[in-house]
Every structure is written in structure tokens, then in C-alpha cells.
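Note that the numbering runs from 1 along the sequence shown for the chain.
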Amino acid sequence: MRRRRTKSAREELDLAGRQWPKVLSCDTDAYVVSTSSDVLMRAAAGVRLAATLDLDNASDTLLSLLHDPENTFVTQETAEALVGRRDHQGLRLLLRAYADADELSGYYIRDAIVWPPAEVDYPEVAPEMDERRSLLDDLAHDPDAEVAKAARLLLTALAGGTI
């Protein structure tokens, strides 16, 4: 069952007196700040790069952000941005990251894929979840065995099973 947060990770960081960075102006900016020591900048880079049309060129950087060793906020924001693309490319990259993730990063990646946004009632999200299920069905037959295995595991989780 999804843990309900009283405050989002973004709100927690804002309470510390910091502001969420404005959307980076271009992919080049995002690549530069993806290795920043500032957690907000790395998260912003993940969100920006997840929106890029050329996800293949950004995949290595996005994978490193999804496996951020210092802060799961970066993982969470990047994963949610990739899910928000609602396409094979974004979901496939998430499944690749999930296959290689440690337990904590894996939790946030799995959560982004399996659960609808907390602030939206499920009936409003049902079509999106059906679409996500369909994408996972397709990716369960991916040529990359690890991606296919991750897709099958998450399909089980979407069906209410445990993984």
C-alpha cells in the first residue's frame, strides 16, 4: 500500500528555505546541473531531461539520476517525470533503471509506475492506469530480458499482487 505523505518531498525542501529551481531553459543546462551537489538542481535536471524528445541521448544521465546515491528526491522527481511522458520510451527507461536499482531507489521507481498520483482520485486516473498497463504489457515482451522481467513484475503489482 502506498504511504501517504503529509508533505511532499518538494514541500520539505521548500520549508528549508530553498525554492524549487525554475525549469531549466535547455537540455544543455540540464546536463550541466545533473552532476550538481545541489539536490534541487539534480532533480530539476531529471525533470527537464525526462521531457526531452531525444531520450536515447539522455538515457545515461537519466539512469544516473534515477540511481542518485545521495537523495531519493532526485529519484522520485525523475521517475514521476518519465511516467508523465506516457510513452514506451519513458517507461522502458524506468524499467531499465528498476532492474538495476537498489532497494530504496527501486521503491521510488516502482511507486512512480504502479501508483496513480496521490492528489488525484482513482476514477479520474483510471484511463491513465489502463494506458500504463497496456504499455507494460507491450514491454513485458521487450528484447531486453531485464526490461521484460521488470515489466512483468510491475504488471503483477498493478494487478494487486506483491513483488
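Looking at every heavy atom in both residues, Ala150 comes nearest to Tyr98 through CB-CD2, 3.8 Å. Shown here for Ala43 and Phe73, the closest heavy-atom pair between the two residues is CB-CE2, 3.6 Å. The two residues Ala81 and Ala50 make their nearest non-hydrogen contact at CB-CB, 3.6 Å. A pairwise comparison of heavy atoms in Ala112 and Val83 identifies O-CG2, 3.5 Å as the closest pair. Considering all non-hydrogen atoms of both residues, Ala97 and Leu63 come closest at CB-CD2, 3.6 Å. The two residues Ala45 and Ala30 have their closest heavy-atom pair at CB-O, 3.3 Å.
For the pair Val39/Glu70, no side-chain contact is recorded, criterion being any heavy-atom separation below 4.5 Å from C-beta on. Using a 4.5 Å heavy-atom threshold, the side chains of Gln76 and Thr72 count as separate. In this structure the side chain of Arg85 reaches within 4.5 angstrom of the side chain of Leu55, judged on heavy atoms. Taking 4.5 Å as the limit, some side-chain heavy atom of Leu91 sits within range of a side-chain heavy atom of Leu139. Contact check for Leu104 versus Thr75: no side-chain heavy atoms found under the 4.5 Å cut-off. Between Arg133 and Leu136, every side-chain heavy-atom pair lies at or beyond the 4.5 Å cut-off. Taking 4.5 Å as the limit, every side-chain heavy atom of Ser105 sits out of range of all side-chain heavy atoms of Asp68. Under the 4.5 Å side-chain criterion, counting only non-hydrogen atoms from C-beta, Glu80 is not in contact with Val47.
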Pair Ile109-Leu82, side chain to side chain contact (heavy atoms under 4.5 Å, CB included): steps then yes or no = CA-CA 10 Å; Ile109 294 167; Leu82 284 165; over 6 Å; no
Take Thr61 and Thr35, measure what side chain to side chain contact (heavy atoms under 4.5 Å, CB included) needs, and give me the verdict at the end.
-> CA-CA 9 Å; Thr61 303; Thr35 58; over 6 Å; no
When you look at Asp144 and Arg92, which way does the side chain to side chain contact (heavy atoms under 4.5 Å, CB included) test go after all the steps?
-> CA-CA 10 Å; Asp144 181 329; Arg92 187 176 191 285; 3.4 Å; yes
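Atom CD of residue Glu77 and atom CG of residue Leu66 lie 11.5 Å apart, to the nearest 0.5 angstrom. Rounded to the nearest 0.5 angstrom, Asp137 CG and Arg132 CZ are separated by 13.5 Å. Arg152 CZ to Asp142 CG: the interatomic distance, rounded to the nearest 0.5 Å, is 10.0 Å.
Using a 4.0 Å cut-off between charged nitrogen and carboxylate oxygen, Glu131 and Arg86 count as a salt-bridge pair. Here Arg42 does not pair with Asp38 in a salt bridge; the nearest charged N to carboxylate O distance is not below 4.0 Å.
Between the side chain of Thr78 and the backbone N or O of Val74 there is at least one donor-acceptor pair closer than 3.5 Å. Using a distance-only test at 3.5 Å, with no hydrogens or angles considered, no donor-acceptor pair links the side chain of Thr52 to the main chain of Arg48.
A side-chain N or O of Asn57 and one of Asp54 form a donor-acceptor pair less than 3.5 Å apart. Judged by distance alone, the side chains of His67 and Asp102 never bring a donor and an acceptor atom under 3.5 Å apart.
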